[in-house]
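Everything below concerns the one structure shown next.
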2 protein chains.
Amino acid sequence: MSRAGAHGDWPGAPVGSWDVSLRRLPEATVARLPVYLRVLSEATEATISSDHLAAGAGVNAAQVRKDLSHLGSYGTRGVGYDVSYLVRQISRQLGLTDDRRVAIVGIGNLGHALARYGGFNARGFRVVAVFDVDPRTVGQRVGGLVVEPFERLAEVIEEKGVELALLTTPASAAQAAADALVEAGVNSILNFAPARVAAPAHVAVRQVDLGVELQILSYYGTQVSADGPGTDAASG
Amino acid sequence: MSRAGAHGDWPGAPVGSWDVSLRRLPEATVARLPVYLRVLSEATEATISSDHLAAGAGVNAAQVRKDLSHLGSYGTRGVGYDVSYLVRQISRQLGLTDDRRVAIVGIGNLGHALARYGGFNARGFRVVAVFDVDPRTVGQRVGGLVVEPFERLAEVIEEKGVELALLTTPASAAQAAADALVEAGVNSILNFAPARVAAPAHVAVRQVDLGVELQILSYYGTQVSADGPGTDAASG
DNA sequence: AATTGTGAAGGAGTTCACAGCC
DNA sequence: GGCTGTGAACTCCTTCACAATT
């Protein structure tokens with residue numbers, strides 16, 4: 001979690017002179033922007049209202065307007081938001097370029113599946129390298145790529161311009177792998193191992209622990225009685 | 001997200017007479033309990049302090065104490081918490097029994113990997129059924145199970161006592177699959193499809209969208225300069 | 001008339017700080 | 001002396017409600 005006090009705008013900042021495009025966004029807003037992006041990509045009209053966008057994303061309309069207002073005033077009163085323009089603005093804010101290069105470290109069941117998973121390419125992420133320590137796995141072909149040995153990590157990452165890594169090793173190997181990735185210059189790690197990895201402050205680390213997700217789900221599933229959170233028990 | 005106002009304790013509830021073991025926990029606390037559970041499972045001493053537990057989970061010690069106080073007063077002042085007792089209490093709260101039966105719907109890359117993924121069994125979840133619509137996939141063996149046709153869903157779920165489902169279909173099929181699962185009596189769904197599914201209030205739905213996770217990560221990865229959230233950009 | 005953008009109110013979650021207990 | 005449990009302060013997030021704009 002760590003909703004860390006990462007908000008660097010000190011109280012008396014020169015408000016007017018601050019370029020809105022460079023300001024940091026509230027964490028909660030950042031977590032919703034990709035969802036808006038998905039709704040927008042499915043939109044059929046050229047323009048969309050906060051009401052519709054909210055319905056598609058499963059949030060309150062005022063929430064949508066406040067979120068979008070953090071990017072600037074891109075809507076038109078009485079009309080709504082221009083879909084394609086909004087897509088561009090959100091993409092820019094999220095640092096989504098056409099081609100963010102991804103490596104996968106640890107080719108077990110999950111790593112193997114993610115390497116073949118089409119969902120990433122569809123969103124502009126391209127898996128360009130896969131690594132494993134096991135000599136039996138190294139050299140095999142997985143999703144069109146040859147599995148490289150862990151020793152070549154730094155070299156290959158440099159060579160292929162990898163920016164993000166998916167960490168799918170066992171928990172026991174996660175920290176060492178993360179260290180190697182950081183050393184090699186990767187600045188974003190999505191950690192699927194059931195263990196928290198430490199990293200220097202300039203590296204973004206996000207954890208997706210499927211066991212934790214299931215256990216949380218289990219809790220809500222047992223609150224079956226009258227008033228569970230039902231439809232949607234938060235996924236931020 | 002939807003941090004929905006799901007808190008049903010009305011203001012004037014008879015405070016003293018409320019059984020703490022049945023009270024609903026704050027969402028944020030529920031999200032952290034599985035993490036504590038993991039730290040506890042790795043503990044070497046019989047007893048642990050909030051400081052140590054907090055360090056292992058990556059949160060503030062006061063946070064740990066407040067979270068645990070929601071379960072009741074299970075600590076000993078001057079000493080700490082009894083590890084095995086605490087494990088039992090948290091497990092009970094989360095509704096974790098030894099054997100929660102899980103079905104996987106949609107045996108593409110991800111579904112296939114999850115079916116073979118050992119991490120679930122290790123935590124008391126047992127995958128007992130896998131389904132797909134594709135006649136070429138039906139009948140194949142995946143992780144020791146034969147893929148059943150979608151038409152047999154209700155039957156098999158009833159027969160095997162399935163409680164939770166992992167939804168790994170394409171987005172376009174997710175809602176129909178969710179409806180069938182609800183109809184069949186499943187009360188918890190972990191949705192990996194990049195689409196929001198609707199469900200009645202008594203069914204818990206959680207979404208894990210890997211594309212969204214990557215896009216959020218991408219944002220923090222581009223905030224490389226001085227003060228990114230670094231080490232840990234929230235995984236709620 | 002419709003819909004945005006936002007100040008203000010309200011809630012939820014976090015952290016502090018310390019009394020209470022072992 | 002060490003550590004828990006918790007009121008109180010604080011920060012962040014959400015929702016309301018309405019003026020501003022097309």
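To find a chain, count down the sequence lines: A is the first, B the second, and so on, and within it residues start at 1.
Enclosure of atom CD in A:Glu45 is not indicated, since only 12 or fewer non-hydrogen atoms of other residues, nucleotides or ligands lie within 6.0 angstrom.
One interatomic measurement links the two molecules: CG of B:Leu25 to P of C:dA12, which rounds to 15 Å at whole-angstrom precision. The distance between atom CG of B:Leu53 and atom P of D:dG2, rounded to the nearest whole Å, is 20 Å. Look at CG on B:Leu86: it is 10 Å from P on D:dG5, rounded to the nearest Å. The distance between atom CG of B:Leu71 and atom P of D:dT6, rounded to the nearest whole Å, is 12 Å. Regarding A:Asp82, its CG atom lies at a distance of 15 Å from the C1' atom of C:dT3, rounded to whole Å. Atom CZ in B:Arg32 sits roughly 12 Å away from atom C1' in C:dT15 (whole-Å rounding). A straight line from CD of A:Gln63 to C1' of C:dT6 spans 14 Å, rounded to a whole angstrom. Here D:dT4 presents its C1' atom at 14 Å from CG of B:Asp67, a figure rounded to the nearest Å.
Interatomic distance, B:Thr222 OG1 to A:Gln93 CD, rounded to the nearest 0.5 Å: 8.5 Å.
Comparing atom distances between the A:Glu27 side chain and each of D:dC13, D:dT15, D:dG5 picks out D:dC13 as nearest. Minimum atom distance to the side chain of A:Arg65 is reached by D:dA17, of the listed C:dC22, D:dT15, D:dA17.
A 4.5 Å side-chain heavy-atom check between A:Val102 and A:Leu190 finds every atom pair outside the cut-off. Using a 4.5 Å heavy-atom cutoff, the side chains of B:Asp209 and A:Val35 are not in contact.
In this structure, B:Thr76 does not reach the D:dT4 phosphate: none of its side-chain N or O atoms is under 4.0 Å from OP1 or OP2. For the pair B:Tyr81 and D:dG5, the criterion of a side-chain N or O lying under 4.0 Å from OP1 or OP2 is met. At the phosphate of C:dC16, OP1 or OP2 sits under 4.0 Å from a side-chain N or O atom of B:Asn60.
For C:dT4, the base has a donor-acceptor partner in the side chain of A:Arg77 [N/O atoms by modelled type, under 3.5 angstrom]. Judged by distance alone, with hydrogens and angles left aside, A:Lys66 brings no side-chain donor or acceptor close enough to the base of C:dT6 to form a pair under 3.5 Å.
Between A:Gly78 and A:Thr29, the one whose closest nucleotide on DNA chain D sits nearer the 5' end is A:Thr29.
Checked against B:Val83 for a side chain to side chain contact (heavy atoms under 4.5 Å, CB included), the options B:Thr44, B:Leu40, B:Leu53 give a single hit: B:Leu40.
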